[in-house]
Amino acid sequence: MKPLLEVLLILDALDKEGSFAAASAKLFKTPSALSYTVQRLESDLNILLLDRSGHRARFTRTGQMLLEKGRDVLQTVRELEKQAVKLHEGWEHDLVLGVDDTFPFSLLAPLIEQFYLHHSVTRLTFINGVLGGSWEALLQGRADIIIGALREPPPVSHFGFAPLGHLEQIFAVAPHHPLASEPEPLSRRTVRRFRAVVVGDAAGSDCPPFRQLLQDQEAITVFDFKTKLELQISGLGCGYIPRYMAQRYLDSGALIEKQITPQAGPEAVWIGWNEQTAGLACGWWRDAVLTNNAIASVYRGCVDE
């Protein structure tokens, strides 16, 4: 095989150091060995990379082109070497993260930047999970780790989980919705007289506090909480919304919080992972999410987005 890669290293060192003597010191080889390697490639390809007619060798046009494009090749090779080492150490090549629809994804952006700054060997893929669908994505192998999952973890071995905290959900309606003028606390019987907006997961059910109110109630089923929020702001229905999602609209008056009896309590939120397939990248994300103050603040109470 032609010693192209070795020549690229020599040309790069020669350009940076200015002479064969200095380049040889950097590469820990003799000047004659470097010169011989370059000449052998010139002979093999019948090209001229260096003009040796003067006191100091200069790059020909061909040599300059090979130097410039060769540096891209060298960078690629160095990255491949890093990836090979990382994979050997236990960093995954791909990691699929399932993020529940109730989770504030914007809080993951700084973690993504931090992760890629040091661990770019792992390719990240994010998928959306809705309610119980987050656990299903993990159990079915469609996600390696899930973040912000609601409901209790399934009693299955080989899967790890840890609590993120609790998600506060409030019952909210638009100011022009009929329930806005009803005296509080609202009874379940009163709420059932009006159309609900629910988010359907794979099982077709909404968040736990609202499932109790849906018996024989007219409802619009949507695919995510953002759409649910928009419909409730428009007055087309009522329902529970995570407080952190609704807070800005409560502050602006676009939504009104209504008390219901009996009042629903905060719901536990989890992070889960597959212990059989978890590598260093999975562990990094688990620890980063569990120790992140911004994420913790969402599940200790409400925050403004």
Side-chain angles (χ1 to χ4, degrees), residues 71-131 133-150 153 158-168 224-226 242-245 247-248 266-305:
R71 280 175 170 158
D72 294 334
V73 174
L74 291 176
Q75 180 63 29
T76 300
V77 170
R78 292 184 182 112
E79 287 300 320
L80 284 174
E81 290 175 345
K82 292 179 182 178
Q83 290 184 23
V85 172
K86 288 280 190 179
L87 291 174
H88 179 73
E89 292 174 345
W91 292 90
E92 299 92 322
H93 184 267
D94 293 282
L95 186 72
V96 179
L97 301 94
V99 182
D100 194 87
D101 193 56
T102 59
F103 186 90
F105 191 90
S106 61
L107 297 184
L108 295 182
L111 298 184
I112 295 172
E113 181 178 6
Q114 184 181 353
F115 180 82
Y116 274 130
L117 187 62
H118 302 287
H119 309 298
S120 59
V121 63
T122 302
R123 181 171 54 190
L124 302 179
T125 300
F126 292 90
I127 63 173
N128 179 256
V130 179
L131 304 172
S134 294
W135 289 115
E136 289 181 3
L138 183 65
L139 295 176
Q140 295 171 1
R142 292 184 286 109
D144 301 303
I145 183 171
I146 57 172
I147 302 170
L150 303 180
H158 309 306
F159 292 91
F161 51 86
L164 285 180
H166 289 81
L167 182 66
E168 182 185 6
D224 63 16
F225 277 86
K226 179 181 178 181
R243 178 176 288 281
Y244 87 88
M245 287 186 182
Q247 191 62 52
R248 68 169 67 172
E267 185 172 6
V269 181
W270 304 84
I271 180 172
W273 60 93
N274 187 334
E275 291 188 327
Q276 287 187 319
T277 62
L280 295 178
C282 182
W284 188 98
W285 275 96
R286 179 192 63 223
D287 296 341
V289 169
L290 287 172
T291 59
N292 185 271
N293 291 331
I295 293 173
S297 68
V298 172
Y299 297 109
R300 285 199 300 260
C302 63
V303 296
D304 293 334
E305 279 195 305

**Asked** Closest approach of I146 and A149, non-hydrogen atoms and distance?
**Response** CD1-CB, 3.7 Å

**Request:** Could you pull out the closest heavy-atom pair between L111 and L107, with the gap in Å?
**Result:** CG-O, 4.3 Å

Where the side chain of [X] meets the backbone of [Y], is there a donor-acceptor pair that is under 3.5 Å apart?
X: Y299; Y: G148; result: no
X: D101; Y: F225; result: yes
X: T122; Y: E92; result: yes

**Item:** Inter-residue atom distance S134.OG - I145.CD1, 0.5 Å rounding
**Value:** 12.0 Å

**Fill in**
Rounded to the nearest 0.5 Å, the CZ atom of R142 sits from the CD atom of E136 at a distance of 7.0 Å

**Request:** Please list, chain by chain and in numerical order, all residues satisfying side chain to side chain donor-acceptor pair (under 3.5 Å) with R71, sequence neighbours excluded.
**Result:** D12, D15

**ring pair (Phe, Tyr, Trp, His ring centres under 6.0 Å) partners of F126, counting only residues at least two apart** = F105

**Message:** Working note: Y244 + L167, criterion side-chain contact (heavy atoms from CB on, under 4.5 Å); need CA distance, chi angles, decisive distance, verdict.
**Reply:** CA-CA 9 Å; Y244 87 88; L167 182 66; 4.1 Å; yes

**Message:** Once salt bridge (Lys or Arg N to Asp or Glu O under 4.0 Å) is applied, what residue pairs with a partner in residues 105-126 remain, sequence neighbours excluded?
**Reply:** D94-R123

So do [Y] and [X] actually touch side chain to side chain, heavy atoms under 4.5 Å?
X: I127; Y: V96; result: yes
X: L124; Y: L97; result: yes
X: D224; Y: N128; result: no

**Prompt:** Checking side-chain contact (heavy atoms from CB on, under 4.5 Å) for the pair F103/V298: CA distance, chi angles, key distance, verdict?
**Reply:** CA-CA 9 Å; F103 186 90; V298 172; over 6 Å; no

Using a 3.5 Å cut-off and no angle test, enumerate the donor-acceptor pairs between side-chain atoms of residues 268-286 and protein atoms at least two apart in sequence or in another chain.
{"from": "W270", "atom 1": "NE1", "to": "R151", "atom 2": "O", "distance (Å)": "3.4"}
{"from": "N274", "atom 1": "OD1", "to": "Q276", "atom 2": "N", "distance (Å)": "2.9"}

Please list, one pair per line, the donor and acceptor atoms closer than 3.5 Å that link side chains of residues 287-296 to other protein atoms, with sequence neighbours excluded.
{"from": "T291", "atom 1": "OG1", "to": "D287", "atom 2": "O", "distance (Å)": "2.7"}
{"from": "N292", "atom 1": "OD1", "to": "A294", "atom 2": "N", "distance (Å)": "3.1"}
{"from": "N292", "atom 1": "OD1", "to": "I295", "atom 2": "N", "distance (Å)": "2.9"}

**Request:** Apply side-chain contact (heavy atoms from CB on, under 4.5 Å) to the pair W135 and F161, showing each step before the final yes or no.
**Result:** CA-CA 11 Å; W135 289 115; F161 51 86; 4.1 Å; yes

